[in-house]
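Whatever order the structure lists them in is the order used to number ligands and atoms, beginning at 1. These numbers come from a predicted model, not from an experiment. Count residues from 1 along the sequence.
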Amino acid sequence: MHTQVDSAREYPSPMGPLASLKWSQRFLEQTPGDEVSDGPSRQVPGACWSKVTPFAAPNPTIHLWSENIAETLGLSRGEDEVLAGGSVVEGMQPYAQRYGGHQFGNWAGQLGDGRAITLGEVLTPTGVLELQLKGAGHTPYSRFADGKAVLRSSIREFLCSEAMHHLGVPTTRALSLATTGESIVRDVMYNGNPSEEPGAVVCRVAPSFLRFGSFQIHSSTGDKETLKTLVEHTVTTHFPSHSCADDDGLIAWLSHIAEETALMVSHWMRVGFVHGVMNTDNMSIHSLTIDYGPYGWLEDYNPGWTPNTTDSSTRRYRYGQQPQIAAWNLARLLEAMVPLMETPERLHDVLTAYTDSFDHHHNKMWADKLGLDTFLETDEELIRNLNSLLQEVETDMTIFFRLLSSIESPDISALQSAFYDESTIPIQAWNDWLEAWWNRVDGQPNRERMLQANPKYVLRNWMAQLAIDAAEKGDYSVCESLLKLLENPYDEQPGHELEWFQKRPEWARHRIGCSMLSCSS
Ligand code: AMP
Ligand code: MG
């Protein structure tokens, strides 16, 4: 199945900054691919990828640019016609990846990049980085859909990737957001109300976009050879200090992934992020937050909350269940590795590594959030009580922990603005808890730790929506301000408090895009 066939279309090769990057094609060279380029939606057994041609945007215009990741790549802004799709430069070989996945707990078979097209891999001084367009058109994995993305969901992906990065949460990155000049029809809430929306393309960046489902698809069809080839490629390219030559090597590598996944999820819990669609095709092998869709941020602290209305009946992917779901997903990845193991029972050790690692990170997270120098077993009760108090009346998670970080005495009145209805605050219960915490830290919480663990600014759902509302009218200034604000989420930035260090406004409580999101994008 190895093939070197180039895409059918001849591309122009503009000589800009993109062409001067060091392009490589290790994934295409080292794993088997589709014999046919482009073509209709179809099953592609035995392949890891299909070469495809990005759709040519009729009016490509870059509106948002992340200087931060551009610097890492050594790029300057421009080449809209490449980053919005349709044109490639020398060195790029666009392809769509094939993968499968468990969606909402059920095996869904082949999925693949239905609307993501990798342009190529770039060799940088710090490792390989893949550039991928999201929304640049149909691929063999698009199933019944168009492969396009709308401005609304592209802004959400762009802003959240960059916000997460600056919060210190492992994530894929966003380099650019361009509009295509096309109108796309979407039925936002799947309720028979389709409308036209502007089309957009985000260029995102990560070491690779390999997912748990990239491996699952091969073992699901008993294709041990392709599975082995893909694992070898992944380990040698992205985990060079690991080996997959025997059980010991595989267990060490998978345990590393388990531990990094535990770290990623503990960061989500720390900042109040809810992914919303933790299907196994949305779990990065690099333990990066990936595929920003109907995600959301806790405003009032409610572990049962999920932003994804598609998941409203079981709330499988609710905030409080994310650690367990990550373990479930990891178990599916481990099952996929069984054919490569002499003694597959040993894979259980990897799940134990996940649990141990999550417990460790989670305890450290609470210690940091509460300014404890070390976590003691006796702190568990303090944290349990805090968790139930936070749920007693509507309490803003971000504001609560941020104000707690600089409180001067154990008195809840200093935290009043974290409550949605100040008349309902259970004052005595809170003061009892604060007293217990204050005693625990001898009146001297480690404030430095707290201020680094409790961000002042996160991408609240309504903030992203305000940026979208303006951008849909052609005004990208709110997007730009948020991008800048969220580059320093732990800084006080007093000039921005009134606007963005605020509880969810009433208009956002039941608004689509704020409290309700779907997978439509
Ligand atoms: P997601 O829920 O975004 O993880 O997507 C699940 C699968 O559907 C992935 O294989 C996506 O590539 C695919 N998909 C989502 N939206 C589209 C679209 N507009 N066109 C084609 N494929 C899509
Ligand atoms: Mg996905």
Side-chain angles (χ1 to χ4, degrees), residues 38-44 47-50 52-55 85 94-118 132-154 156-158 160-161 171-172 174 180 182-188 190 194 196-202 204 206 208-217 220 274-286 288-296 306-311 316-317 325 329 332 517-521:
D38 294 306
S41 296
R42 60 186 182 272
Q43 294 293 312
V44 191
C48 292
W49 45 265
S50 300
V52 291
T53 310
F55 173 79
Y95 69 85
Q97 194 201 142
R98 175 171 176 261
Y99 51 81
H102 278 87
Q103 295 186 316
F104 297 95
N106 304 305
W107 176 244
Q110 178 183 294
L111 297 167
D113 288 334
R115 51 142 172 209
I117 297 179
T118 290
Q132 183 177 82
L133 302 182
K134 187 166 174 181
H138 189 274
T139 80
Y141 310 101
S142 297
R143 295 181 288 167
F144 305 104
D146 56 7
K148 309 275 174 74
V150 294
L151 182 58
R152 152 176 67 82
S153 63
S154 305
R156 285 171 50 82
E157 169 128 20
F158 183 94
C160 203
S161 317
T171 178
T172 62
T180 59
E182 255 202 328
S183 286
I184 294 174
V185 176
R186 288 288 184 271
D187 184 358
V188 180
Y190 303 124
E196 285 198 350
E197 299 187 50
V201 171
V202 167
R204 54 185 189 174
S208 88
F209 291 89
L210 290 163
R211 301 124 192 281
F212 290 6
S214 308
F215 301 88
Q216 286 183 285
I217 187 71
S220 78
V274 192
H275 183 285
V277 208
M278 290 178 73
N279 293 334
T280 59
D281 54 302
N282 290 338
M283 295 290 292
S284 148
I285 203 73
H286 303 282
L288 303 172
T289 314
I290 190 175
D291 279 10
Y292 290 91
Y295 67 82
T306 175
N308 186 359
T309 47
T310 316
D311 189 23
R316 178 181 172 86
Y317 298 141
I325 292 292
N329 289 341
R332 306 288 81 76
L517 289 143
S518 75
C519 291
S520 162
S521 51

Review point. Do any nitrogen or oxygen atoms of Y141 lie less than 3.5 angstrom from nitrogen or oxygen atoms of ligand 1?
Key: no

Point to revise | Any donor-acceptor N or O pair under 3.5 Å, side chains S521, R115 | key: yes

Revision key, fill the gap. For atom 5 (O) of ligand 1, the closest protein heavy atom turns out to be D281 OD2, 4.7 Å

**Study point:** D291 bridged to R204 by N-O distance under 4.0 Å
**Key:** yes

**Study point:** Contacting atoms of ligand 1, where contact means under 4.0 angstrom from a heavy atom of D291
**Key:** 4 (O)

Practice item. Side-chain contact test, heavy atoms from C-beta onward, threshold under 4.5 Å: evaluate it for F55 versus V201 and give yes or no. Key: no

**Study point:** atom 20 (N) of ligand 1 - nearest protein heavy atom and its distance
**Key:** G147 N, 2.7 Å

**Study point:** Steps toward side chain to side chain contact (heavy atoms under 4.5 Å, CB included) verdict (R316, T306)
**Key:** CA-CA 8 Å; R316 178 181 172 86; T306 175; over 6 Å; no

Revision key, fill the gap. shortest atom 10 (O) of ligand 1-to-protein heavy-atom contact is with G112 O, 2.5 Å

Practice item. Enumerate the atoms of ligand 1 whose separation from the nearest heavy atom of N282 is less than 4.0 angstrom. Key: 4 (O)

Check your understanding: Got the closest protein heavy atom to atom 18 (C) of ligand 1, with its distance?
Key -> A145 CB, 3.5 Å

**Study point:** Protein contact to atom 21 (C) of ligand 1 [nearest heavy atom, distance to 0.1 Å]
**Key:** G114 O, 3.2 Å

Check your understanding: Side-chain donor-acceptor pair under 3.5 Å between H286 and T172, yes or no?
Key -> no

**Study point:** Closest protein heavy atom (residue, atom, distance) for atom 13 (C) of ligand 1
**Key:** R143 NH2, 3.8 Å

Point to revise | Metal check, the Mg ion (ligand 2) vs N279 N/O/S, cut-off below 2.8 Å | key: no

Study note, to complete from the structure: ligand 1 atoms nearer than 4.0 angstrom to some heavy atom of L111 are 10 (O)

Check your understanding: Has D291 got an N, O or S atom lying less than 2.8 Å from the Mg ion (ligand 2)?
Key -> yes

Check your understanding: If we only count heavy atoms from C-beta on, is the R156 to L517 side-chain gap below 4.5 Å?
Key -> yes

Check your understanding: For the side chain of S518 and the backbone of V188, is there at least one donor-acceptor N/O pair under 3.5 Å apart?
Key -> yes

Point to revise | Atoms of ligand 1 close to R186 [distance to a heavy atom under 4.0 angstrom, numbered from 1] | key: 19 (N)

Exercise for review: Would you check, one step at a time, whether the test ring-ring contact (aromatic ring centres under 6.0 Å, His included) holds for Y317 with F104?
Suggested key: CA-CA 8 Å; Y317 298 141; F104 297 95; 5.2 Å; yes

Review point. For residues S50 and Y141, is any side-chain donor paired with an opposing acceptor at under 3.5 Å?
Key: yes

Check your understanding: Any N/O of D146 closer than 3.5 Å to an N/O of ligand 1?
Key -> yes

Exercise for review: Starting from atom 23 (C) of ligand 1, find the nearest protein heavy-atom neighbour and note its residue, name and distance.
Suggested key: R115 CG, 3.8 Å

Review point. Side chains of Y190 and T310: is there a donor and an acceptor less than 3.5 Å apart?
Key: no

